[in-house]
There are 2 protein chains.
Amino acid sequence: MLFTGTHIHKLDRKGRVSVPKRFRAALDNEEFAGIYLYQSHKESALEGCSHSHMERIAASLDELDMFSDEADDLADTILGSSHMLPYDGEGRIILPAELIEFARIEDQVAFVGRGRTFRLWNPDIFKPLQEASRTRTLNRGATLKLKPMTELPKGARPGTANEEDAS
Amino acid sequence: MLFTGTHIHKLDRKGRVSVPKRFRAALDNEEFAGIYLYQSHKESALEGCSHSHMERIAASLDELDMFSDEADDLADTILGSSHMLPYDGEGRIILPAELIEFARIEDQVAFVGRGRTFRLWNPDIFKPLQEASRTRTLNRGATLKLKPMTELPKGARPGTANEEDAS
DNA sequence: TGGGAAATGATGGGGGTCAATGGGATTTGA
DNA sequence: TCAAATCCCATTGACCCCCATCATTTCCCA
């Protein structure tokens with residue numbers, strides 16, 4: 001259950017695009033066979049996630065004061081503008097025209113893994129940005145402090161696999 | 001059981017509007033085949049929810065001091081002014097004139113998902129407000145602290161689906 | 001280790017199905 | 001008895017199922 005790598009697929013003339021096999025595999029035990037997409041806040045890209053991740057967002061919003069302005073804004077921006085997209089028999093989704101336009105996608109789509117979530121880009125827009133962020137990271141000498149293994153959920157550690165993690 | 005996305009449907013000359021298939025699906029095993037609507041207290045919109053959510057509101061009101069002004073007001077605003085609207089054979093409801101007027105709805109209705117609940121808007125009114133929400137969210141740099149997976153209800157996590165989730 | 005066969009994932013497109021809509025007919029209730 | 005609500009059926013257009021083809025990768029065996 002982890003989205004990694006960049007996969008470029010074709011958008012056909014019916015507005016369909018194949019979800020990468022690797023991503024579909026990461027979503028295997030979901031109750032909903034498909035993905036959720038919504039417009040990114042900061043980038044000219046689409047945010048993608050699973051049904052259970054969307055449940056998590058809804059549950060977290062539930063905890064904020066039911067009448068707070070911030071919860072309202074987030075609900076409108078994320079839940080209200082998200083698209084629930086089921087696979088067809090071949091593992092493709094139909095990319096809604098609104099999202100194609102927002103992300104300025106033409107005939108190709110880049111699926112970019114970000115761990116628990118992923119993004120969809122016009123590859124021509126993503127590539128220079130990726131190089132820029134790579135340079136920034138190097139210059140900054142950024143390091144990532146890793147969580148101790150023992151704090152990870154069971155199944156994410158070697159030797160703790162259970163039957164659901166057969167992949 | 002999650003309301004997501006924005007769905008724009010037509011209000012016909014008989015005052016009927018189709019409830020989006022996705023929303024009806026989210027309400028599948030409810031005992032009442034229909035939805036509840038009441039006037040939003042802060043927006044020019046209608047709040048919508050399921051029968052079981054209405055039960056939840058009633059239960060929460062029970063916990064407030066029975067004779068407090070606040071409980072009185074909430075009971076009047078929500079329970080007193082709510083409309084229980086059954087589907088017709090095609091999954092449509094009849095929007096009461098009172099609610100059409102309150103939400104300034106004309107010939108189109110936007111169903112906007114908010115997780116456990118949803119809202120109904122005049123699309124022309126909702127659209128600019130949603131844009132504003134997006135901008136505020138961006139400026140605020142709002143991030144949502146996600147609940148840990150383990151606290152989610154069973155069925156909202158991968159690998160815990162039960163037979164009722166066969167969809 | 002090279003080459004061919006088989007399996008699998010990605011792509012293209014036709015056509016049937018169903019959700020959304022419109023409107024007439026029938027029933028219900030005041 | 002009239003008006004409003006409900007039932008019923010027709011239409012249409014978008015979506016989804018199905019199959020065919022193509023491109024890779026994997027596998028197998030000489």
Side-chain angles (χ1 to χ4, degrees), chain A residues 3-28 30-37 48 51 82-101 105-113 118 120-123 166-167, chain B residues 3-28 32-37 48 83-101 105-113 118 120-123 166-167:
Chain A
F3 303 108
T4 58
T6 294
H7 313 262
I8 295 180
H9 284 170
K10 203 166 176 204
L11 185 68
D12 71 19
R13 80 173 72 173
K14 282 173 145 184
R16 297 177 302 189
V17 63
S18 294
V19 175
K21 184 68 206 319
R22 291 274 162 77
F23 284 23
R24 270 182 281 150
L27 293 168
D28 244 1
E30 292 280 332
E31 57 175 288
F32 165 62
I35 64 174
Y36 284 80
L37 290 179
H51 180 80
S82 71
H83 292 252
M84 183 184 189
L85 306 171
Y87 304 139
D88 68 10
E90 280 69 42
R92 292 172 290 197
I93 54 165
I94 296 180
L95 213 42
E98 181 194 356
L99 297 183
I100 292 177
E101 192 178 342
I105 286 169
E106 283 151 23
D107 60 344
Q108 287 196 320
V109 184
F111 288 77
V112 182
F118 54 92
L120 266 57
W121 290 86
N122 174 336
S167 55
Chain B
F3 301 108
T4 61
T6 294
H7 312 263
I8 296 180
H9 284 171
K10 216 167 169 196
L11 186 69
D12 70 20
R13 79 174 72 174
K14 284 173 151 181
R16 298 177 300 188
V17 64
S18 294
V19 175
K21 183 71 205 316
R22 291 267 157 77
F23 283 24
R24 282 187 328 240
L27 293 168
D28 243 1
F32 165 61
I35 64 175
Y36 284 80
L37 290 180
H83 294 252
M84 184 181 184
L85 306 170
Y87 304 138
D88 70 9
E90 279 70 41
R92 293 173 288 199
I93 54 165
I94 296 181
L95 261 193
E98 180 194 358
L99 297 183
I100 292 177
E101 192 178 341
I105 286 169
E106 283 151 23
D107 60 343
Q108 287 196 319
V109 183
F111 288 75
V112 181
F118 55 91
L120 267 55
W121 290 87
N122 174 336
S167 61

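Just so it is clear: chains get the letters A, B, ... in the order the sequence lines come, proteins before strands, and each one is counted from 1.
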Q: Looking only at heavy atoms, what is the nearest atom pair of A:L85 and A:I93, with distance?
A: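 In this case the closest contact between A:L85 and A:I93 is O-CG2, 3.7 Å.
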
Q: Parallel, tilted or perpendicular: which describes the rings of A:F118 and A:F3, with under 30° parallel and over 60° perpendicular?
A: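 A:F118 vs A:F3 ring planes: perpendicular.
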
Q: Provide, to the nearest angstrom, the distance between the OH atom belonging to A:Y87 and the C1' atom belonging to C:dT11.
A: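 It is 18 Å, rounded to the nearest whole Å.
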
Q: Output one letter per nucleotide in nucleotides 19-30 of chain C: B when a protein non-hydrogen atom lies under 4.0 Å from the base, S when only the sugar-phosphate is that close, - when neither is.
A: SSBBBB------

Q: Using whole Å, what does the distance between atom P of nucleotide D:dA5 and atom NE2 of B:H83 come to?
A: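 Those two atoms, NE2 and P, are 12 Å apart.
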
Q: Angle between ring planes, B:H7 versus B:F23, binned at 30° and 60°: parallel, tilted or perpendicular?
A: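 Perpendicular.
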
Q: Run the side chain to side chain contact (heavy atoms under 4.5 Å, CB included) check on A:T6 and A:F111 step by step: do they pass?
A: CA-CA 5 Å; A:T6 294; A:F111 288 77; over 6 Å; no

Q: Provide the closest heavy-atom pair for B:S18 versus B:R92 in the form atom of the first, atom of the second, distance.
A: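 Answer, listing the atom of B:S18 first, then B:R92: OG-CG, 3.3 Å.
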
